[in-house]
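All chains are named by letter (A, B, ...) in the order of the sequence lines, taking the proteins before the strands, and each is independently numbered beginning at 1.
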There are 2 protein chains.
Amino acid sequence: MGSDLVGVLAVLASPQRLRLIAALAGGSNYVSQLARELQLSRPLVHMHLRRLEEVGLVVGRMELSADGKAMRFFDVAPFAFQLTPEAIQDAVRTMEEK
Amino acid sequence: MGSDLVGVLAVLASPQRLRLIAALAGGSNYVSQLARELQLSRPLVHMHLRRLEEVGLVVGRMELSADGKAMRFFDVAPFAFQLTPEAIQDAVRTMEEK
DNA sequence: GACACGTGTCAGTCGTAACTTACACATGTA
DNA sequence: TACATGTGTAAGTTACGACTGACACGTGTC
C-alpha cells in the first residue's frame with residue numbers, strides 16, 4: 001500500500017476534479033448541489049466523484065435528508081502527497097516491478 | 001508566478017512522463033538515449049520532454065559531443081510540490097480569477 | 001396523478017492527447 | 001558515396017476520457 005502516486009496524479013490531472021476537491025474542502029456536499037454550484041451536469045459530477053473516490057481522495061456516504069430523500073454526501077480525504085523527483089522515482093520503481 | 005499547480009498536474013499525469021522524470025532523476029541524459037532506454041519512439045520522447053520543459057519540471061540544454069554531434073541533454077528541475085486539499089483549494093482560487 | 005427533488009447508469013458524441021511513420025537537416029567515419 | 005549517429009517537425013491514425021441526454025428508480029407534497 002504505497003498509495004499509488006501515479007494513479008492519484010492521473011485522477012488529479014483534471015480541472016473539474018480539482019474544482020470538486022476545492023469545493024469539498026469548503027465543507028461536505030452532495031452530488032446534485034455540487035453540479036449546480038460548479039455548473040456541471042449531474043452525471044458528469046457523479047463520474048468525477050467516483051474516480052476521486054476510487055483513489056481515496058474523497059469519501060462518500062449515503063444520508064437521508066429530513067424529508068426522506070437519499071442523498072450522497074462527499075468529503076475530502078485528508079491526503080498529503082510530497083511531489084518531488086525522488087518521490088516520482090520511487091513511485092515509478094514500484095510501478096515497474098510487477 | 002504561483003507555479004501553476006493545475007498545469008503541473010496535467011503534465012505529471014502521464015506514466016511515460018513520470019518514467020522520464022524517474023530516468024532523469026538518475027542523471028542527465030539526451031533524447032535518443034532516453035528513447036532507447038524507455039523503449040519509446042524518439043519523436044514521442046521529444047514531445048513529452050517538451051511538455052515537461054514547458055512547465056519547468058525539466059530543463060534542456062544543447063551540447064556538442066566529442067565527435068561534433070549536437071545533443072540535447074535534459075535534467076530534472078529540483079521541484080517540490082505539497083499536494084493537499086488546501087493547496088488545491090488555493091490553486092483553484094487562483095485559476096478561477098481571470 | 002403530476003411534479004419536484006434526490007439517486008444511479010447506459011449509450012452515444014466529441015475533442016484531444018498519445019503515438020507512429022516519414023521527412024529534412026546536421027556531423028564524423030569507412 | 002553511403003552509413004551511422006544526433007537533431008527537429010509535420011501529417012496522419014488511434015485510443016480514451018470528457019461530456020450530454022435519456023432512461024429507471026426512489027421519496028414527499030400539491
K.L.:
How many whole angstroms separate atom CD of A:Glu54 from atom P of D:dG17?
P.N.:
11 Å
K.L.:
For a quick test of reading the model, state the closest non-hydrogen atom pair linking B:Gln82 to A:Ala80 and the distance between them.
P.N.:
NE2-CB, 4.1 Å
K.L.:
State, yes or no, whether a side-chain contact exists between A:Leu83 and A:Leu5 at a heavy-atom distance under 4.5 Å.
P.N.:
yes
K.L.:
If you restrict it to nitrogen or oxygen atoms, what contacts under 3.5 Å exist between nucleotides 16-19 of chain C and the protein, and what is each distance?
P.N.:
residue	atom	partner	partner atom	Å
C:dA18	OP1	B:Arg17	NH1	2.9
C:dA18	OP1	B:Arg17	NH2	2.9
C:dA18	OP2	B:Arg17	NH1	3.4
C:dA18	OP2	B:Arg51	NH1	3.0
C:dC19	OP1	B:Gln16	NE2	3.3
C:dC19	OP2	B:His48	NE2	2.9

K.L.:
Distance check needed: D:dC19 P versus A:Gln39 CD, whole Å only.
P.N.:
14 Å
K.L.:
Whole angstrom is fine here: how far is it from CG in A:Leu12 over to P in D:dG17?
P.N.:
16 Å
K.L.:
Can you check the A:Leu9 CG to D:dG17 P distance for me, whole Å?
P.N.:
16 Å
K.L.:
With clusters defined by side-chain heavy atoms of hydrophobic residues (ILVMFWY) lying less than 4.5 Å apart, directly or transitively, does B:Leu12 cluster with B:Val6?
P.N.:
yes
K.L.:
Can you pull the salt bridge (Lys or Arg N to Asp or Glu O under 4.0 Å) pairs that have at least one residue in residues 42-56 of chain B, sequence neighbours excluded?
P.N.:
B:Arg50-B:Glu54, B:Glu53-B:Arg72
K.L.:
Please tell me if B:His46 has a side-chain N or O lying less than 4.0 Å from either OP1 or OP2 of D:dT7.
P.N.:
no
K.L.:
Angle between the two end axes of the helix from C:dG1-D:dC30 to C:dA30-D:dT1, five base pairs per end, rounded to 10 degrees?
P.N.:
30°
K.L.:
Please tell me if the side chains of A:Val55 and A:Phe79 come closer than 4.5 Å, counting only heavy atoms from C-beta onward.
P.N.:
no
K.L.:
Rounded to whole angstrom units, what separation is found between the CZ atom of B:Arg61 and the C1' atom of D:dG8?
P.N.:
19 Å
K.L.:
Check whether A:Met71 and A:Val45 end up in the same hydrophobic cluster, where Ile, Leu, Val, Met, Phe, Trp and Tyr are linked by side-chain heavy atoms less than 4.5 Å apart.
P.N.:
no
K.L.:
Select from B:Met62 and A:Ala66 the residue whose nearest nucleotide in DNA chain D is closer to the 5' end of that strand.
P.N.:
B:Met62
K.L.:
Using 0.5 Å steps for rounding, measure from the CG atom of B:Leu38 to the CG atom of B:Asn29.
P.N.:
8.5 Å
K.L.:
Let's test your reading of the model: under 3.5 Å, does the base of C:dG8 pair with the side chain of A:Arg42 as donor and acceptor?
P.N.:
yes
K.L.:
Give, for atom CE of A:Met47 and atom OG of A:Ser41, the distance between the pair rounded to the nearest 0.5 Å.
P.N.:
8.5 Å
K.L.:
Between A:Leu49 (CG) and D:dA18 (P), how many Å, whole number?
P.N.:
13 Å
K.L.:
What pairs with B:Phe73 under ring-ring contact (aromatic ring centres under 6.0 Å, His included), at least two apart in sequence or on another chain?
P.N.:
B:Tyr30
K.L.:
Under 3.5 Å, which protein N or O atoms sit close to an N or O of nucleotides 3-6 of chain D? Give each pair with its distance.
P.N.:
residue	atom	partner	partner atom	Å
D:dG6	OP1	B:Tyr30	OH	2.9
D:dG6	OP1	B:Arg36	NH1	3.4
D:dG6	OP1	B:Arg36	NH2	2.6
D:dG6	OP2	B:Arg36	NH1	3.0

K.L.:
Once side-chain contact (heavy atoms from CB on, under 4.5 Å) is applied, do any residues pair with A:Ser14, and if so which ones, sequence neighbours excluded?
P.N.:
A:Gln16, A:Arg17, A:His48
K.L.:
Do B:Asp75 and B:Leu24 have side chains that approach each other closer than 4.5 Å (heavy atoms only, starting at C-beta)?
P.N.:
no
